[in-house]
Amino acid sequence: MAATPKPEVLAAFEAAKGFMPATEGLALYAAAVEAGDLGLPLLEVGTYCGRSTILLADAARQASVSAITVDHHRGSEEQQPGWEYHDPSVVDPEVGQMDTLPTFRRTLFHAGLEDHVIAIVGRSPQAAKAWGGPLGLVFIDGGHTDEHATADYEGWAPHVAPGGLLLIHDVFPDPVDEWTGQAPYRVYLRALASGAFTEVSATESLRVLRRTGTGI
């Protein structure tokens with residue numbers, strides 16, 4: 001039976017600013033709890049305001065590992081002014097750019113999970129180059145252009161340990177535009193074609209794959 005979060009954890013997830021629906025959140029949580037058994041960190045690319053981080057952090061807490069988040073906190077392409085997912089409440093009035101880091105920190109504080117998260121504030125490719133160890137789980141939920149999604153995959157998938165999980169969000173086989181999953185879908189197909197990953201489950205737009213081979 002898949003692990004489920006305690007009511008207070010699920011309530012914190014649902015109260016946090018973000019876009020992931022509860023059904024996908026429950027699948028993410030179950031995968032994170034399973035991956036935690038490897039005793040390795042759980043990492044997500046694309047933090048935004050910490051909605052999914054709550055679930056990873058709680059799973060990490062149970063496994064006595066760390067949840068790692070990677071985000072520059074300036075917002076993805078579709079979150080910039082004039083685009084559908086722009087939220088003016090997370091714009092820094094002093095610099096005139098998005099800054100989701102303060103909201104993210106408040107999210108973790110209110111959920112009581114600050115001590116279980118290591119936040120890397122920076123660009124994903126640079127962080128991946130500096131990362132040196134294996135990971136029990138990598139959750140790719142960053143930029144939706146081919147450039148960014150491919151860089152996230154190429155940078156972080158090699159760090160998924162044998163038996164570890166690779167999760168890809170916003171995978172839509174029939175995307176209506178470039179922001180609704182074309183690039184994540186292509187990354188998902190690449191992962192399957194590589195022979196390194198085998199699909200475990202699909203929940204709406206969330207795909208869970210396990211490392212069963214070498215390479216990417």
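Remember, predicted model here, so these are calculated numbers, not experimental data.
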(request) Please check if the distance between the ring centroids of Y48 and F19 is under 6.0 Å. (result) yes
(request) Could you tell me which non-hydrogen atom of A161 sits nearest to which non-hydrogen atom of L40, and how far apart they are? (result) CB-CD1, 3.5 Å
(request) To the nearest 0.5 angstrom, please state how far the CG atom of D141 sits from the OG1 atom of T53. (result) 9.5 Å
(request) Calculate, to the nearest 0.5 Å, the distance between atoms OG1 and CG belonging to T47 and D71 respectively. (result) 4.0 Å
(request) Using the test ring pair (Phe, Tyr, Trp, His ring centres under 6.0 Å), find all partners of F104 that sit at least two apart in sequence or belong to another chain. (result) H73
(message) How long is the straight-line distance from CG of D152 back to OG of S124, given to the nearest 0.5 Å?
(response) 3.5 Å
(request) Give the minimum heavy-atom separation between G36 and A63, together with the two atoms involved. (result) O-CB, 3.5 Å
(message) Let me confirm one number: the CD1-OH distance from I54 to Y29, rounded to the nearest 0.5 Å.
(response) 12.0 Å
(request) Indicate, with yes or no, if V33 and V208 share a hydrophobic cluster defined by side-chain heavy-atom contacts under 4.5 Å among Ile, Leu, Val, Met, Phe, Trp and Tyr. (result) yes
(message) Below 30° counts as parallel, above 60° as perpendicular, anything between as tilted: where do the rings of H159 and W131 land?
(response) perpendicular
(request) Only pairs at least two apart or in different chains count here, so list each salt bridge (Lys or Arg N to Asp or Glu O under 4.0 Å) that has a residue in residues 203-216. (result) E34-R210
(request) Please collect all side chain to side chain donor-acceptor pair (under 3.5 Å) contacts where either partner lies in residues 106-121, sequence neighbours excluded, each pair once. (result) T103-R106
(message) Using the rule that Ile, Leu, Val, Met, Phe, Trp and Tyr join whenever any side-chain heavy atoms are under 4.5 Å apart, tell me whether L38 and L56 fall into a single cluster.
(response) no
(request) Provide the closest heavy-atom pair for A60 versus A67 in the form atom of the first, atom of the second, distance. (result) CB-N, 3.7 Å
(message) Would the distance check show the side chain of S66 and the main-chain N or O of I68 forming a donor-acceptor pair, the cut-off being under 3.5 Å?
(response) no
(request) Working to the nearest 0.5 Å, report the span between CD1 of I140 and CG of D170. (result) 12.0 Å
(request) For T198, check side chain to side chain contact (heavy atoms under 4.5 Å, CB included) against everything at least two apart and list the hits. (result) T212
(request) With rounding to the nearest 0.5 Å, note down the distance linking CD1 in I120 to CD in E44. (result) 11.0 Å
(request) May I ask you to check whether over 12 heavy atoms, not counting those of L189, lie within 6.0 Å of atom CG? (result) yes
(request) List the atom of G155, the atom of A128, and the distance in Å for their closest heavy-atom pair. (result) O-CB, 3.4 Å
(request) Check whether L55 and V200 end up in the same hydrophobic cluster, where Ile, Leu, Val, Met, Phe, Trp and Tyr are linked by side-chain heavy atoms less than 4.5 Å apart. (result) yes
(message) Under the rule for side chain to side chain contact (heavy atoms under 4.5 Å, CB included), what residues qualify as partners of A35, not counting sequence neighbours?
(response) L42, L137, L165
(request) Work out which heavy atom in A149 is nearest to a heavy atom in A183; give both atom names and the distance. (result) CB-CB, 3.8 Å
(request) Give the cluster check for V65 versus V160: same hydrophobic cluster or not, with ILVMFWY residues linked at side-chain heavy-atom distances below 4.5 Å. (result) no
(message) For G142, is there any backbone N or O sitting under 3.5 Å from a side-chain donor or acceptor partner on H144?
(response) yes
(request) Indicate yes or no: at least one non-hydrogen side-chain atom of T69 is less than 4.5 angstrom from one of I118. (result) no
(message) I want to check something: taking the side chain as every heavy atom from C-beta on, are L167 and V138 in contact at a cut-off of under 4.5 Å?
(response) no
(request) Kindly indicate whether the side chain of F139, heavy atoms from C-beta on, has any atom under 4.5 Å from the side chain of L43. (result) no
(request) Decide if atom CZ of R190 counts as having more than 12 heavy atoms of other residues, nucleotides or ligands within a radius under 6.0 Å. (result) yes
(request) Consider only side-chain heavy atoms of I, L, V, M, F, W and Y, link residues closer than 4.5 Å, and tell whether I168 and L28 are in one cluster. (result) no
(request) Check whether any side-chain N or O of Y188 sits under 3.5 Å from a backbone N or O of L206 as a donor-acceptor pair, and report yes or no. (result) no
(message) Tell me every residue that passes salt bridge (Lys or Arg N to Asp or Glu O under 4.0 Å) with D58, counting only those two or more places apart in sequence or in another chain.
(response) R61
(request) Evaluate the side-chain proximity of H169 to M20: yes if any heavy-atom separation is below 4.5 Å, no if none is. (result) yes
(message) Please find the pair of heavy atoms, one from P184 and one from V171, that lie closest to each other, and give the distance.
(response) O-CG2, 3.9 Å
(request) Determine yes or no for a side-chain-to-main-chain donor-acceptor pair under 3.5 angstrom, with E24 supplying the side chain and S205 the backbone. (result) yes
